[in-house]
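By convention here, the first residue in the shown sequence is residue 1. From a predicted model like this one, the values you see are computed outputs, not experimental measurements.
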Amino acid sequence: MVDAHYTEEQTNEIEILQSIYPTELVMLRSEAPQKFTISVDVEDDGEIRPCNLQLAVEYTETYPDTLPLFDIALSPSKLAPPTEIEAELNDKDLGNLTDRLRELGEECLGMAMVFSMSTGLKEAAVQRLTEKTAELVRKKEEKTQKEIAADQAKFIGTPVTRASFLEWKAKFDAELKDHLSRLASEAGEDRSKRAAGGSKKDEDRRLTGKQLFEQDRSLAQSDSTFIADGDVAVDASLFVKEDAGLSSDADSGE
């Protein structure tokens, strides 16, 4: 049998809670030991992502000299999915909030404590979401700074050291040597091809006499053509007389 003293205290507290939370408090069982839920809106002027917690409370026979049975549940969110800097409560957070309410209840043993538990729940939830939001903002800023530094590094380039320069030079010299070797090889092949092609053309241009006459029949008739065109006939006797005269002059001089 429930002590009338506890029953009176519990009934009085419920009446006070109903006046404070006219729409937030919902009775689940009206007879002793009473059971009810209080809807706790968690928000902080836009600094955190708002959420709603349900604090379920069930009186014990000796409440408020003992802690009530209680549970914390996170209501389904009707908001859009969170952004990368909006924090949400998880199961671990709810466990920590439960521990915090138990501590508050133990501090209030012997007197009505549900109101203190309700307000303490909101304050602890706001604090936790504020901490998680600040951490998300810090990570986002850190990520942004890294991206900016990476973009700037593209224009700054890698600092040159003696070791890195020597490594680059060895690679460059090897690539240059290979490139020049390929060019020399290609140039030699081109010269060989041109020489082979030129020799064949020279051989093709050098024709024998027979081939020349076969290609141009007019060469065979060139002498007769010159005579037919009015060339002066040569009198061989004139050359004989002149030769004789030259011989006489030579003899008399002796």
Any idea which heavy atoms bring [X] and [Y] closest together, and the distance?
| X | Y | result |
| --- | --- | --- |
| Glu43 | Val126 | O-CG2, 3.9 Å |
| Pro68 | Thr60 | CA-CG2, 4.3 Å |
| Leu53 | Ala125 | CD1-CB, 3.9 Å |
| Leu129 | Cys51 | CD1-SG, 4.0 Å |
| Pro81 | Glu86 | O-OE1, 4.3 Å |
| Asp93 | Glu88 | OD2-O, 3.8 Å |

Would you compute the distance between atom [atom1] of [X] and atom [atom2] of [Y] and round it to the nearest 0.5 angstrom?
| X | Y | atom1 | atom2 | answer |
| --- | --- | --- | --- | --- |
| Thr37 | Asp71 | OG1 | CG | 11.0 Å |
| Leu166 | Arg162 | CG | CZ | 5.0 Å |
| Thr119 | Ile38 | OG1 | CD1 | 10.0 Å |
| Leu121 | Leu104 | CG | CG | 9.5 Å |
| Leu97 | Glu123 | CG | CD | 12.0 Å |
| Ile148 | Gln152 | CD1 | CD | 7.0 Å |

Linked, directly or transitively: [X] and [Y] (ILVMFWY side chains, under 4.5 Å):
| X | Y | value |
| --- | --- | --- |
| Val26 | Val42 | no |
| Met111 | Leu17 | no |
| Leu28 | Leu55 | no |
| Phe70 | Leu89 | yes |

Heavy-atom distance under 4.5 Å between the side chains of [X] and [Y], does that happen here?
| X | Y | value |
| --- | --- | --- |
| Phe115 | Ile16 | no |
| Leu67 | Leu109 | yes |
| Thr11 | Gln34 | yes |
| Leu79 | Arg49 | yes |
| Tyr6 | Glu61 | no |
| Pro64 | Gln10 | no |
| Leu94 | Leu74 | yes |
| Leu25 | Ile20 | no |

Asn12 side chain vs Glu8 backbone, donor-acceptor pair below 3.5 Å: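 Side chain of Asn12 to backbone of Glu8, a donor-acceptor pair under 3.5 Å: yes, one is there.
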
Glu186 side chain vs Leu183 backbone, donor-acceptor pair below 3.5 Å: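 Looks like no, no N/O pair under 3.5 Å.
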
Would you call [X] and [Y] a salt bridge, taking side-chain N to carboxylate O under 4.0 Å as the test?
| X | Y | answer |
| --- | --- | --- |
| Arg128 | Glu131 | yes |
| Glu135 | Arg138 | yes |
| Asp173 | Lys177 | no |
| Glu142 | Lys146 | yes |
| Lys122 | Asp41 | no |

side-chain contact (heavy atoms from CB on, under 4.5 Å) between Lys140 and Leu136, intermediate numbers included: CA-CA 6 Å; Lys140 178 177 173 58; Leu136 291 178; over 6 Å; no

Worked verdict on Tyr21 versus Ser118 for side-chain hydrogen bond (donor to acceptor under 3.5 Å, both in side chains): CA-CA 11 Å; Tyr21 304 112; Ser118 176; 3.1 Å; yes

Do [X] and [Y] meet the criterion of a side-chain donor-acceptor pair at a distance under 3.5 Å?
| X | Y | answer |
| --- | --- | --- |
| His179 | Glu175 | no |
| Gln54 | Ser39 | yes |
| Asp3 | Thr62 | no |
| Thr133 | Thr130 | no |
| Tyr63 | Glu13 | yes |

Flag if over 12 foreign heavy atoms under 6.0 Å of NZ, Lys35: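 No, because the 6.0 Å sphere around NZ of Lys35 holds 12 heavy atoms or fewer from other groups.
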
Aromatic ring proximity, centroids under 6.0 angstrom, Phe36 and Tyr59: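 For Tyr59 and Phe36, the ring centres are under 6.0 Å apart.
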
Audit row: Glu15, Ser19, side-chain contact (heavy atoms from CB on, under 4.5 Å) steps and yes/no: CA-CA 6 Å; Glu15 290 177 356; Ser19 65; over 6 Å; no

Verdict with reasoning, Lys171 to Glu167, per salt bridge (charged side-chain N to carboxylate O under 4.0 Å, His left out): CA-CA 6 Å; Lys171 183 179 178 181; Glu167 180 181 355; over 6 Å; no

